[in-house]
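Report on the structure given below.
All values below come from the heavy atoms of this structure, side chains included, with hydrogens, waters and symmetry mates left out.
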Amino acid sequence: MALPGERPDMAAVTRFDRSAVTVVLVVVDLAIITAQLSAGLVVHGTDPLATPLYTAETVVPFLLGWLLVAPLLGVYTARIRESLVETALAVGFAWIVAALIGVGLRATPWLVGGAPPAFVLVTVGTGLATLLPWRLLVTALTRTRE
């Protein structure tokens, strides 16, 4: 819906829907990314709670990547939640780019972990496997209500 004095087509261009649904999406998306990467630490024998700085160095680059890319690609727009295909494409592409940003940051000498190719593939794959079902469920449930 356009604001007074705004062209109707301008409202469709917004990159971030200011709603309670969007707030929930952002919080849960970030929680899923954090949980996914923390689970990876556990698989590799590290307790994320016992090593908070190491965990932060692992997780924060990916959260930054997501917070940069997702809004730019319209992941938090109401329009994306109207279509399962658009949700899958936007969220999937956003995660791939965000993961590459996270991996790129980890590959710098200032952060731990590095970025071996297997880590890149596993991180992209597990991120898609955790974010996409959640976001597709939200789209399936909210597109009939809005």
Side-chain angles (χ1 to χ4, degrees), residues 1 8-146:
M1 181 163 151
D9 57 322
M10 291 292 288
V13 184
T14 183
R15 302 230 182 250
F16 195 86
D17 175 43
R18 289 174 171 83
S19 70
V21 172
T22 302
V23 171
V24 171
L25 290 175
V26 171
V27 169
V28 175
D29 286 351
L30 295 176
I32 287 172
I33 293 166
T34 300
Q36 169 224 331
L37 291 161
S38 295
L41 291 173
V42 171
V43 166
H44 292 285
T46 301
D47 179 355
L49 298 176
T51 55
L53 290 178
Y54 183 80
T55 301
E57 285 187 5
T58 301
V59 173
V60 169
F62 296 92
L63 296 178
L64 291 174
W66 180 256
L67 290 172
L68 174 69
V69 172
L72 288 175
L73 294 180
V75 168
Y76 295 115
T77 62
R79 184 184 62 77
I80 290 296
R81 292 191 309 269
E82 295 172 3
S83 163
L84 291 171
V85 171
E86 285 193 44
T87 296
L89 292 173
V91 172
F93 186 64
W95 173 248
I96 291 168
V97 174
L100 293 175
I101 290 170
V103 165
L105 291 171
R106 278 179 49 106
T108 66
W110 303 291
L111 295 174
V112 299
F119 175 74
V120 176
L121 294 175
V122 169
T123 302
V124 168
T126 57
L128 292 173
T130 54
L131 282 171
L132 281 177
W134 144 249
R135 293 304 298 275
L136 290 170
L137 176 65
V138 169
T139 296
L141 294 174
T142 61
R143 71 183 178 153
T144 58
R145 292 184 184 169
E146 293 181 357

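To the nearest 0.5 angstrom, Thr123 atom OG1 is 10.0 Å from Leu100 atom CG. Interatomic distance, OG1 of Thr130 versus CD1 of Ile33, reported as 7.5 Å (0.5 Å rounding). Leu37 CG to Thr126 OG1: the interatomic distance, rounded to the nearest 0.5 Å, is 7.0 Å. One distance of note links CG of Leu67 with CG of Leu72; it measures 11.0 Å at 0.5 Å rounding. The CG atom of Leu64 sits 7.0 Å away from atom CG of Leu105, with the distance rounded to the nearest 0.5 Å.
Minimum heavy-atom separation, Gly74 to Thr77: O-OG1, 2.8 Å. Residues Ala98 and Gly65 share a closest heavy-atom pair of CB-C, 3.5 Å. The two residues Leu128 and Trp95 come nearest to each other via the heavy atoms N-CD1, 3.7 Å. Counting all heavy atoms, side chain and backbone alike, Ser38 lies closest to Pro48 at O-CG, 3.6 Å. What you find for Arg106 and Glu57 is that their closest heavy atoms are CG-O, 4.4 Å. Between Ala94 and Ala70, the shortest heavy-atom distance links the atoms CB-CA, 4.2 Å.
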Check your understanding: When you look at Val91 and Trp134, which way does the side-chain contact (heavy atoms from CB on, under 4.5 Å) test go after all the steps?
Key -> CA-CA 10 Å; Val91 172; Trp134 144 249; over 6 Å; no
Check your understanding: Checking side-chain contact (heavy atoms from CB on, under 4.5 Å) for the pair Thr139/Ile80: CA distance, chi angles, key distance, verdict?
Key -> CA-CA 8 Å; Thr139 296; Ile80 290 296; 5.5 Å; no
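For residues 22-42, the salt bridge (Lys or Arg N to Asp or Glu O under 4.0 Å) pairs, not counting sequence neighbours, are Asp29-Arg135.
With Leu25 as the partner, the side-chain contact (heavy atoms from CB on, under 4.5 Å) test is satisfied by one option alone out of Val27, Val21, Val28, Val23: Val21.
Judged by distance alone, the side chain of Thr87 and the main-chain N or O of Ser83 form a donor-acceptor pair under 3.5 Å.
Take Thr22 and apply the side-chain contact (heavy atoms from CB on, under 4.5 Å) test, not counting sequence neighbours, and it matches Phe16, Asp17, Ser19, Val26, Tyr76, Arg81. Not counting sequence neighbours, Thr34 has no partner by the side-chain hydrogen bond (donor to acceptor under 3.5 Å, both in side chains) test.
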